[in-house]
Amino acid sequence: MPNDLDLEVRLRDEDRWLASRFAPADVRARLIALYALNREIARTVDVVSTPGIGAIRLAWWREALTEIAEGNPARAHPTLQAYAAMQRDVRAALHSWEILIETRACDFESAPFREWADVEAYIDNTAGSVMRMALAACGDDQTPLELAAMASRAWGYVALLRAAPAWAARGRSALPREGGAMEEMRERARVAYLLARGLARKNLAAAGFPAVGYVALVPGYLRALGRGRAERPLLARQLRLIAASATGRL
């Protein structure tokens, strides 16, 4: 795994990076390649100015991943090449990437969600897709999909809450147009986390912790957001993940 790719994930997706440290070296490399690719696709809205150009860029990623799944060499892009070299089953992951990429098209809308069901579908298709692919990258076929769904939903809601100022600066809102409020989003994050935590007590396989463990940080982020802060100290997050890994609990 190229060191610069690992550093990029650490800088841009630090919590997933921290959880990946609990994986063996080969699994960690697969996770980093996966997270780096997710980051490249997610940042489409940050690097292009119009929906039309964004659609072209997203189509490029979809076509590149299809080529890899069909057994063709990866295009001359370091993240794609790392992903193609590291992943165990690129063909099985293709459908998840297609869903994720299709969903990312709504990132160019100022108010993409009509109701809470639309927000949840967005999270399930983005954060949820990433977590399911990460579990597969860990070789975990024991952690239930229901646990992954609740865990990724908790994380997705928190991510939207933390990103709210950046969205607002671009004239966008992640709240539903029909009766959405930040307080309800925080409550939905809390409920999803509690459900995930309950399921994890008996159902989170040790092999899957590096793919899911960062969800243990949700309560801390919710407390910080309640005080008007979107970030938490690195040491506090590291200690929380160590405790979660030692107990097997989120």
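Only this structure's heavy atoms are used, side chains among them; waters, hydrogens and symmetry mates stay out. All values reported here derive from a predicted model rather than from experimental measurement.
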Check your understanding: Would you call Gln87 and Val90 a side-chain contact if the rule is heavy atoms closer than 4.5 Å?
Key -> yes
Practice item. Could I get the full list of salt bridge (Lys or Arg N to Asp or Glu O under 4.0 Å) partners for Arg223, not counting sequence neighbours? Key: none
Practice item. Indicate yes or no: at least one non-hydrogen side-chain atom of Glu14 is less than 4.5 angstrom from one of Leu234. Key: yes
Sequence neighbours left out, cut at 3.5 Å: what donor-acceptor pairs do the side chains of residues 133-140 make with other protein atoms?
residue : atom : partner : partner atom : Å
Asp140  : OD1  : Gln142  : N            : 2.8
Asp140  : OD1  : Thr143  : N            : 3.1
Asp140  : OD2  : Thr143  : OG1          : 2.4

Exercise for review: Just jot down the side-chain contact (heavy atoms from CB on, under 4.5 Å) partners of Leu11, sequence neighbours excluded, or say none.
Suggested key: Leu7
Review point. Near Glu184 CD, under 6.0 Å, is it more than 12 heavy atoms from other residues, nucleotides or ligands?
Key: yes
Revision key, fill the gap. Quick note, ring-ring contact (aromatic ring centres under 6.0 Å, His included) partners involving residues 35-70, not counting sequence neighbours, are Trp61-His77
Practice item. Kindly write out the residues that satisfy salt bridge (Lys or Arg N to Asp or Glu O under 4.0 Å) with Arg21, not counting sequence neighbours, or none if the list is empty. Key: Asp6
Exercise for review: Not counting sequence neighbours, list each pair that qualifies as a side-chain hydrogen bond (donor to acceptor under 3.5 Å, both in side chains) and has a residue in residues 201-219.
Suggested key: Arg16-Tyr214
Practice item. May I have all residue pairs that pass ring-ring contact (aromatic ring centres under 6.0 Å, His included) and include part of residues 114-139, sequence neighbours excluded? Key: Phe113-Tyr122
Practice item. Report the residues that fulfil side chain to side chain donor-acceptor pair (under 3.5 Å) with Glu63, sequence neighbours left out, ordered by chain and then residue number. Key: none
Review point. Got Thr103 and Asp124 here, is their nearest side-chain heavy-atom distance under 4.5 Å?
Key: no
**Study point:** Contacts of type salt bridge (Lys or Arg N to Asp or Glu O under 4.0 Å), residue Glu115, not counting sequence neighbours
**Key:** none
Could you pull out all donor-acceptor pairs under 3.5 Å where a side-chain atom in residues 39-48 meets a protein atom, sequence neighbours excluded?
residue : atom : partner : partner atom : Å
Thr44   : OG1  : Ile41   : O            : 2.7
Asp46   : OD1  : Arg170  : NH1          : 3.2

Point to revise | Sequence neighbours excluded - salt bridge (charged side-chain N to carboxylate O under 4.0 Å, His left out) pairs with any residue from residues 94-111 | key: Arg104-Asp107
Practice item. Would you check if there is a donor-acceptor pair between the side chains of Glu120 and Tyr157 at a distance under 3.5 Å? Key: yes
Study note, to complete from the structure: Residues at least two apart in sequence or cross-chain that pass ring pair (Phe, Tyr, Trp, His ring centres under 6.0 Å) with Tyr83, listed by chain then number, are Trp97
Review point. Shared ILVMFWY cluster between Leu199 and Leu145, side chains joined below 4.5 angstrom?
Key: no
